[in-house]
Amino acid sequence: MLNSKSVTTNVAYSPKYEYYRWNDIEVDSAYFRTGLVQLGMYYGDNSRGMLYEGSSNYGGETELEITYKDNRNMYHYDLSGKLSSIRTKSGHLVNGTVYDKNGNTLRKRSPYYTLLENHDFREGGGMWQLGSNMSIASENSVDGNGSLKFSSQTAISSNSIAQAYSISAANMSDYVLTANILDNTSNGRVYVTWKEYNYYYGEVGSGIQLYSSEPGHWSRSSTSFRTSTMTEWITVQIIAEAGTVGTAYVDFVDLHPGVVVEGFEGDNERWGIPRANLTTVSTKAKEGAKSLRFNNSGSPITTSISYNKKIPVNQGIEYNLSAWFLNDLSSDNARLSIILYGQSEEGNTTESVQLNMSELRGSGLWFNKDISFVPKTTTRYYHIQLLYQNAAGSSYLDQLRLIPNPLADRDWTHAGLKASPVQ
């Protein structure tokens, strides 16, 4: 089949991905008569990139949307054959335009950032594969421009699944998934989750389930996660579980990179730990098995350590920096600071954000501090540094988090939305 310019195949979707690789071969959609077909096209060697995926509706023609990556940007071409978006390597939207199938300009995309194309269903079901009893509706939408609707008057016999087109993802990297859900079902539940796949689309992980926190009302919930060591793709799913009866809506499904959740459980190669005065210990931890300990039995010193990975962020969205501390420092005026240094796309410093800890010295108690802020318009990344000043004795740090505020990234209050805690 791979050596032939004509391809006839019968692909079952259960759901499951079937990928075929062609090089400079014309694909005639007439050969794909029924079913749901996905095309994976590659250029050059396998490590260089992917011309994304396309799908057909049952019994319809194969429609191919292409995403092309190089070392700098990601370029997405839609069904009209026009360049519809350009994103930087970190995923920030540089330029975005919505066209109809004839290539006419409909609107410019707003600078609001999420890895998911058509995350707010303003473009109908584009970039999503809808499950049974699912459609796009506007009568119950956060912004009045569309939402995904599930509706069934009888209990469905099996899970109904809508899923976004898969996203190229880095392994061992951090993400936040957030969604608005209005659940009016009388039995069963509708939730948002994700699956992780390796290069060949073998499943290597699956996520927790985001449910409505207040049935009968719009609510927005969020979770942070780190991909597995083998993850190459993330697929976001909206699922109505078997037995569900009634109606539910989902809107503004956002996937953001750049989440830091550090429990100091692993070998912490990104911090360069252990080093002088800094180790991970299991004797004291707020959550999990370990925390980061600073220990200096001599005269007070000033020292610092940096996280060696840049954290991409979205300008115009509020973030929250938080951590748990246990302060057993013995020196007067000792202080631990967590500093975020903002950087532009070119690597220039744009700003600094600082969270300071000096309270409850010698109490032996864990306490939490946090600060919320909005990155400057020129900030694309943050570089994290821990700074110990005039420090002697011991202090402990655990659960260092940098996450988008699940409510502050838009004004959801007009829709009566309530946030559930970030998990």
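- Using a 3.5 Å distance cut-off with no hydrogens or angles, the side chains of Asn390 and Asn333 do not pair a donor with an acceptor.
- Just one of Ile371, Leu387, Ile339 meets the side chain to side chain contact (heavy atoms under 4.5 Å, CB included) condition when paired with Gln354; it is Ile339.
- Side chains of Gln209 and Tyr211: a donor-acceptor N/O pair is present below 3.5 angstrom, by distance only.
- For Ser212, the side-chain hydrogen bond (donor to acceptor under 3.5 Å, both in side chains) partners are Ser219, not counting sequence neighbours.
- Annotation: Tyr382 is in aromatic contact with Phe373 [ring centroid separation under 6.0 Å].
- In summary, the side chains of Thr379 and Glu351 do present a donor paired with an acceptor at a separation below 3.5 Å, with no hydrogens or angles considered.
- For an aromatic pair to be called close, the ring centres must be under 6.0 Å apart, and Phe225 with Trp194 satisfies this.
- Across every non-hydrogen atom of Leu402 and Tyr319, the tightest pair is CD1-CB, 4.1 Å.
- In this structure, the side chains of Tyr191 and Asp183 stay at 4.5 Å or more apart for every pair of heavy atoms.
- Between the side chain of Lys369 and the backbone N or O of Ser322, no donor-acceptor pair lies under 3.5 Å.
- For the 3.5 Å distance criterion, the side chains of Glu139 and Tyr249 qualify, holding a donor opposite an acceptor.
- Atom CD1 of residue Ile234 and atom CG of residue Leu116 lie 9.0 Å apart, to the nearest 0.5 angstrom.
- For the pair Asp251 and Arg122, the salt-bridge criterion is not met [side-chain N within less than 4.0 Å of a carboxylate O].
- In this model, no donor atom of one side chain and acceptor atom of the other lie less than 3.5 Å apart for Thr178 and Asp254.
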Discussion item. Between His119 and Phe252, is the ring pair (Phe, Tyr, Trp, His ring centres under 6.0 Å) condition met? List the steps.
Written reply: CA-CA 5 Å; His119 70 120; Phe252 284 95; 5.4 Å; yes
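- Side chains of Ser344 and Thr378: a donor-acceptor N/O pair is absent below 3.5 angstrom, by distance only.
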Fill in: Check against side-chain hydrogen bond (donor to acceptor under 3.5 Å, both in side chains), Ser141 and Ser138
CA-CA 5 Å; Ser141 171; Ser138 59; over 6 Å; no
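- With contacts defined as side-chain heavy-atom distances shorter than 4.5 Å, the pair Val190/Val250 qualifies.
- A distance-only check finds a donor-acceptor pair linking the side chain of Asn159 to the backbone of Ala242 [under 3.5 Å].
- Taking 4.5 Å as the limit, every side-chain heavy atom of Thr223 sits out of range of all side-chain heavy atoms of Val176.
- Minimum heavy-atom separation, Thr227 to Met172: OG1-N, 2.9 Å.
- Closest of all the heavy-atom pairs between Ser331 and Ala392 is OG-N, 3.1 Å.
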Practice prompt. Test side chain to side chain contact (heavy atoms under 4.5 Å, CB included) on Tyr341 and Ser352 and set out the steps.
Written response: CA-CA 4 Å; Tyr341 291 103; Ser352 64; 4.0 Å; yes
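- Residues Leu255 and Tyr175 have side chains in contact (heavy-atom distance under 4.5 Å, counting atoms from C-beta outward).
- A donor-acceptor contact shorter than 3.5 Å is absent between the side chain of Asn327 and the backbone of Ser395.
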Discussion item. Please determine whether side chain to side chain contact (heavy atoms under 4.5 Å, CB included) holds for the pair Leu326 and Leu365, giving the CA-CA distance in whole Å, both sets of side-chain angles, and the decisive distance to 0.1 Å.
Written reply: CA-CA 6 Å; Leu326 195 158; Leu365 300 175; over 6 Å; no
Practice prompt. Determine, step by step, whether Arg226 and Ser173 satisfy the side chain to side chain contact (heavy atoms under 4.5 Å, CB included) criterion, reporting the C-alpha distance in whole Å, the side-chain angles of both residues, the deciding distance to 0.1 Å, and the verdict.
Written response: CA-CA 5 Å; Arg226 175 169 288 181; Ser173 294; over 6 Å; no
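- Note that CD of Glu241 and CD1 of Ile161 are 11.5 Å apart. Values are rounded to the nearest 0.5 Å.
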Fill in: Verdict with supporting geometry, Leu400 and Ile338, side chain to side chain contact (heavy atoms under 4.5 Å, CB included)
CA-CA 9 Å; Leu400 170 60; Ile338 303 173; 3.6 Å; yes
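- Going from atom CG of Asn118 over to atom CD1 of Ile136 covers 7.0 Å, rounded to the nearest 0.5 Å.
- Counting only heavy atoms from C-beta outward, the side chains of Thr185 and Thr247 never approach each other to under 4.5 Å.
- Counting only distance, with no hydrogens or angles, the side chain of Ser228 and the backbone of Met230 share a donor-acceptor pair below 3.5 Å.
- Inspection of the Asn171 and Thr229 side chains reveals no N or O donor paired with an N or O acceptor under 3.5 Å.
- Here the closest non-hydrogen pair linking Thr244 and Arg189 is OG1-N, 3.3 Å.
- The aromatic ring centroids of Tyr396 and Trp324 lie 6.0 Å or more from each other.
- By the 6.0 Å and 45° rule, Lys310 stacks over the aromatic ring of Tyr381.
- Under the ring pair (Phe, Tyr, Trp, His ring centres under 6.0 Å) criterion, the residue pairs touching residues 276-302 are Phe294-Tyr388, with sequence neighbours excluded.
- Gln385 and Ser306 get closest at one heavy-atom pair: CG-OG, 3.8 Å.
- Asn368 places a side-chain N or O within donor-acceptor distance of the main-chain N or O of Ala323, the cut-off being under 3.5 Å.
- Tyr165 places a side-chain heavy atom less than 4.5 Å from the side chain of Gln129.
- For the side chain to side chain donor-acceptor pair (under 3.5 Å) with Asp328, the qualifying choice from Arg293, Lys284, Arg361 is Lys284, the only one to do so.
- Scanning all heavy atoms of the two residues, the minimum distance from Thr303 to Arg275 falls at OG1-NH2, 3.4 Å.
- Taken from OG in Ser358 to CZ in Phe325, the straight-line distance is 10.0 Å, to the nearest 0.5 Å.
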Worksheet item: Would Asn295 and Ser394 count as a side-chain hydrogen bond (donor to acceptor under 3.5 Å, both in side chains) if you check the C-alpha gap in whole Å, the side-chain angles of each, and the deciding distance to 0.1 Å?
Response: CA-CA 4 Å; Asn295 186 50; Ser394 298; 2.7 Å; yes
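- In terms of the salt bridge (charged side-chain N to carboxylate O under 4.0 Å, His left out) criterion, residue partners of Glu203 (sequence neighbours excluded) are, by chain and number, Lys195.
- Side-chain contact check for Arg401 versus Asn320: every heavy-atom pair is 4.5 Å or farther apart.
- Taking CD1 of Ile273 as the reference point, atom OG1 of Thr279 lies at 8.5 Å (rounded to 0.5 Å).
- Considering Leu397, Asn296, Ile305, Leu386 as possible partners of Leu278, the one that fulfils the side chain to side chain contact (heavy atoms under 4.5 Å, CB included) test is Ile305.
- Here the CE-OG distance, from Met134 to Ser152, works out to 11.0 Å after rounding to the nearest 0.5 Å.
- Looking at Thr193, its side chain does come within 3.5 Å of a backbone N or O of Ile208 through a donor-acceptor pair.
- Residues Asp370 and Leu321 form no side-chain contact, since every pair of their non-hydrogen atoms from C-beta on lies 4.5 Å or further apart.
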